[in-house]
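Notes follow the structure.
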Amino acid sequence: MVVTATRLDRLSEAVERALPEGTELIEARFSRGPLLTLLVDREGGPVDHEFCARIISVVAPALEEEGYGGMIEVSSPGIERPLTRPSHFRRFVGHQVRVRVGEPVDGRRNFTGVIERVAEASFVLRLPEDGEEVELPFSSVTRAHLKEDLDK
């Protein structure tokens with residue numbers, strides 16, 4: 001099955017419309033062929049097995065209406081939660097993240113640092129090695145996720 005980015009966007013939009021209030025789609029992607037993997041988070045409760053099963057029952061009809069009849073997997077974004085939207089960066093100001101950008105910034109593509117502040121089109125990371133700050137445009141981010149230290 002060949003899946004275009006446009007089709008994945010349409011399926012993601014259908015999922016977002018079907019989700020209960022207080023539930024957020026973090027990421028949608030195809031894994032292992034036609035398996036649609038949905039990472040979801042919610043306010044005020046865990047993303048446990050029962051919740052994931054409920055989400056599948058809610059989004060499956062919406063996906064069928066879009067012509068998708070394949071398997072669906074719903075899971076928690078986990079401790080190293082992906083950051084896929086500017087609102088995610090705003091929510092996690094003060095947290096440590098790992099970021100990969102498509103075009104090098106100051107000769108680098110990979111950054112680890114603390115989100116200091118977020119603007120409309122970019123965010124600022126404070127780098128641990130020297131305390132310097134680097135501004136990264138959202139448009140250049142190819143991958144970003146929280147980097148939580150379990151030893152704290």
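Numbers here are sequence positions counted from 1.
Residue pairs meeting the salt bridge (charged side-chain N to carboxylate O under 4.0 Å, His left out) criterion with at least one partner in residues 42-53, sequence neighbours excluded, are absent. Applying the side-chain hydrogen bond (donor to acceptor under 3.5 Å, both in side chains) test to every pair with at least one member in residues 71-81, sequence neighbours left out, gives these pairs: E24-R81, T37-E73, D41-R81.
The backbone N or O of L19 sits nowhere less than 3.5 Å from a side-chain atom of T23 that would complete a donor-acceptor pair. At distances below 3.5 Å, at least one donor-acceptor pair connects side-chain atoms of S57 with backbone N or O atoms of R54.
V59 is listed as a side-chain neighbour of L38, based on a closest heavy-atom distance under 4.5 Å.
Taking R126 as the reference, E116 meet the side-chain hydrogen bond (donor to acceptor under 3.5 Å, both in side chains) condition, with sequence neighbours excluded. For R109, the side-chain hydrogen bond (donor to acceptor under 3.5 Å, both in side chains) test picks out no residue, with sequence neighbours left out. Applying the ring-ring contact (aromatic ring centres under 6.0 Å, His included) criterion to F111, with sequence neighbours excluded, gives no partner residue. When the side-chain hydrogen bond (donor to acceptor under 3.5 Å, both in side chains) test is applied to E13, no partner is found at least two apart in sequence or on another chain. Every residue meeting the salt bridge (charged side-chain N to carboxylate O under 4.0 Å, His left out) condition with R10, not counting sequence neighbours, appears here in chain and number order: E66. Contacts of E27 classified as salt bridge (charged side-chain N to carboxylate O under 4.0 Å, His left out), with partners at least two apart in sequence or in another chain: R29, R143. Residues satisfying the side-chain hydrogen bond (donor to acceptor under 3.5 Å, both in side chains) test with T84, not counting sequence neighbours, are H88. The salt bridge (charged side-chain N to carboxylate O under 4.0 Å, His left out) search around E129 returns R108, not counting sequence neighbours. Partners of E133 by salt bridge (charged side-chain N to carboxylate O under 4.0 Å, His left out), not counting sequence neighbours, listed by chain and number: R117.
Other residues, nucleotides and ligands contribute at most 12 non-hydrogen atoms within 6.0 Å of the CG atom of D106.
Under a 4.5 Å side-chain heavy-atom criterion applied to ILVMFWY residues, the cluster that includes M71 comprises L35 as well.
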